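Quick note on labels: first sequence line is chain A, next is B, and so on, each numbered from 1. Computed from a prediction, not measured in an experiment: that's the story for all the values here.
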Protein chains: 2
Amino acid sequence: MDEVRLEAILHALSDPVRMAIFAEIAGGKCVQTCSAFASVCERLIPKSSLSQHFKVLREAGLIRSERHGVELRNTSRCAEVEKRFPGLIAAILKAHARPSRV
Amino acid sequence: MDEVRLEAILHALSDPVRMAIFAEIAGGKCVQTCSAFASVCERLIPKSSLSQHFKVLREAGLIRSERHGVELRNTSRCAEVEKRFPGLIAAILKAHARPSRV
DNA sequence: CTCATAGTTCAGGAAAATAGAACTATTGAA
DNA sequence: TTCAATAGTTCTATTTTCCTGAACTATGAG
């Protein structure tokens with residue numbers, strides 16, 4: 001977690017798909033697996049792309065993926081990132097939740 | 001400013017050069033022109049690239065560029081972004097100021 | 001073992017970033 | 001006005017990164 005870079009976090013969340021994935025996971029929604037998100041997207045995004053997006057989020061230190069049987073469960077690492085960059089994730093999630101325009 | 005998107009802000013600041021430029025400008029340092037930043041970089045970054053970086057920051061709504069004679073003076077739009085995304089810029093700048101490693 | 005589900009890796013084509021060269025804009029001097 | 005200098009932008013070709021279908025790996029059920 002010491003290696004987590006601000007640059008990587010901002011890059012990871014600058015993509016709308018990754019931002020949406022992270023917001024879901026951080027929000028504690030039930031959609032925590034790749035395939036669950038894939039079905040939410042109604043297959044607009046191929047699974048290889050989703051896999052890459054999850055990888056970017058993992059490498060940025062934003063999520064952790066643990067295998068449970070045949071699937072991976074993703075959980076956010078908000079608390080750890082919070083220690084390193086206080087207020088950052090909260091501010092970004094708050095900005096994301098904001099209605100984007102009238 | 002209504003059109004400013006979170007995605008664009010995160011993308012703009014996910015590049016180390018742009019982050020450095022923005023931090024300087026937001027910090028009210030004297031380095032506010034392209035060429036001033038170019039000399040700080042000791043010409044490691046060509047001016048066409050710097051021009052593009054400033055353009056990305058402008059289009060993200062993070063800075064404003066006004067011509068004064070032969071040069072452009074760049075000022076941050078922190079206050080305006082703050083209205084739209086409260087706490088966001090402050091959190092990012094704070095994270096950027098943090099020493100990046102033990 | 002075989003099949004099904006979940007996800008990763010590979011490879012190529014598409015899209016975006018980089019930077020040298022040429023161009024535009026403004027000012028000051030001759 | 002014309003020339004030169006400074007400050008940035010635009011153009012274009014190259015490099016880099018991203019996207020995604022196909023093939024592959026991993027786990028569990030029958």
Side-chain angles (χ1 to χ4, degrees), chain A residues 5-22 24-25 29-77, chain B residues 4-25 29-77:
Chain A
R5 292 168 309 133
L6 172 62
E7 182 186 327
I9 291 176
L10 299 184
H11 172 253
L13 298 180
S14 70
D15 178 271
V17 173
R18 287 193 294 262
M19 183 75 227
I21 292 172
F22 179 68
E24 293 265 349
I25 294 173
K29 298 268 179 67
C30 295
V31 182
Q32 291 178 336
T33 64
C34 264
S35 61
F37 201 83
S39 44
V40 165
C41 296
E42 292 176 7
R43 288 160 196 156
L44 290 174
I45 302 166
K47 67 175 182 173
S48 61
S49 301
L50 282 177
S51 179
Q52 289 301 317
H53 285 315
F54 276 91
K55 185 178 181 183
V56 172
L57 289 169
R58 261 195 308 273
E59 291 180 349
L62 289 166
I63 66 172
R64 176 180 288 117
S65 303
E66 288 170 295
R67 184 172 280 277
H68 284 252
V70 76
E71 70 186 16
L72 294 187
R73 289 192 200 150
N74 298 286
T75 48
S76 84
R77 300 179 71 186
Chain B
V4 167
R5 293 167 308 133
L6 173 62
E7 181 186 330
I9 290 176
L10 298 183
H11 172 253
L13 298 181
S14 69
D15 178 273
V17 173
R18 286 193 295 263
M19 183 75 228
I21 292 171
F22 180 67
E24 294 264 349
I25 293 173
K29 299 270 179 64
C30 295
V31 182
Q32 290 177 336
T33 64
C34 265
S35 60
F37 200 83
S39 44
V40 165
C41 296
E42 291 175 8
R43 287 161 198 152
L44 290 175
I45 302 165
K47 65 177 184 172
S48 62
S49 300
L50 281 177
S51 179
Q52 288 302 318
H53 285 315
F54 276 91
K55 185 180 180 183
V56 172
L57 290 169
R58 262 197 305 275
E59 290 180 351
L62 289 166
I63 65 171
R64 177 181 286 116
S65 302
E66 289 169 295
R67 185 173 277 279
H68 284 252
V70 75
E71 71 187 14
L72 294 188
R73 289 191 200 152
N74 298 286
T75 48
S76 83
R77 298 178 72 186

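Nucleic acid contact class of B/H68 (heavy atoms, under 4.0 Å, all strands): none.
With D/dA26, C/dG20, C/dA22 as the choices, the nucleotide that has an atom nearest any side-chain atom of B/P46 turns out to be C/dG20. Residue B/V70 places its side chain closer to C/dT26 than to any other of C/dT18, C/dG7, C/dT26. Comparing D/dC18, D/dC19, C/dA6 against the side chain of A/H53 picks out D/dC19 as the nearest. When distances are taken from the side chain of B/S51 to each of D/dG21, D/dT10, C/dA17, the shortest belongs to D/dT10.
Applying the 4.0 Å criterion to OP1 and OP2 of D/dT9, one finds that B/R58 has a side-chain N or O inside that range. Contact annotation: A/S49 side-chain N/O to D/dT20 OP1/OP2 distance is under 4.0 Å.
Whole-Å rounding puts the A/R18 CZ to D/dC18 P distance at 7 Å. What separates CD of A/E71 from P of D/dA26 is a distance of 18 Å, to the nearest Å. Atoms CZ (A/F54) and P (C/dT9) sit 15 Å apart, rounded to a whole Å. With rounding to whole Å, B/N74 atom CG is found 13 Å from D/dA7 atom P. What separates CD of A/Q52 from C1' of C/dT8 is a distance of 8 Å, to the nearest Å. For the pair A/E7 CD and D/dT17 C1', the interatomic distance rounds to 14 Å; values are reported in whole Å. Atom pair A/L50:CG and C/dT9:C1' shows a separation of 15 Å (rounding to whole Å applied). Atom-to-atom, NZ of A/K55 to C1' of D/dC19 comes out at 14 Å; the value is rounded to the nearest Å.
When each of A/N74, A/I21, A/L13 is tested with A/L62 by the rule side chain to side chain contact (heavy atoms under 4.5 Å, CB included), just one qualifies, namely A/L13.
You'll find the side chain of B/M19 stays beyond 4.5 Å of the side chain of B/E24, heavy atoms only. Annotation: side chain of A/I63 is not in contact with side chain of A/T75 (no heavy-atom distance under 4.5 Å).
In summary, A/R64 and A/E66 do not engage in a salt bridge, as defined by a charged side-chain N under 4.0 Å from a carboxylate O.
DNA chain D is contacted by both A/D15 and B/S48; B/S48 maps to the nucleotide lying nearer its 5′ end (nearest heavy atom per residue). The 5' end of DNA chain D is approached more closely, in terms of each residue's nearest nucleotide, by A/H11 than by the other of A/R67 and A/H11.
The main-chain N or O of B/G69 is found under 3.5 Å from a side-chain atom of B/R67 such that the two form a donor-acceptor pair.
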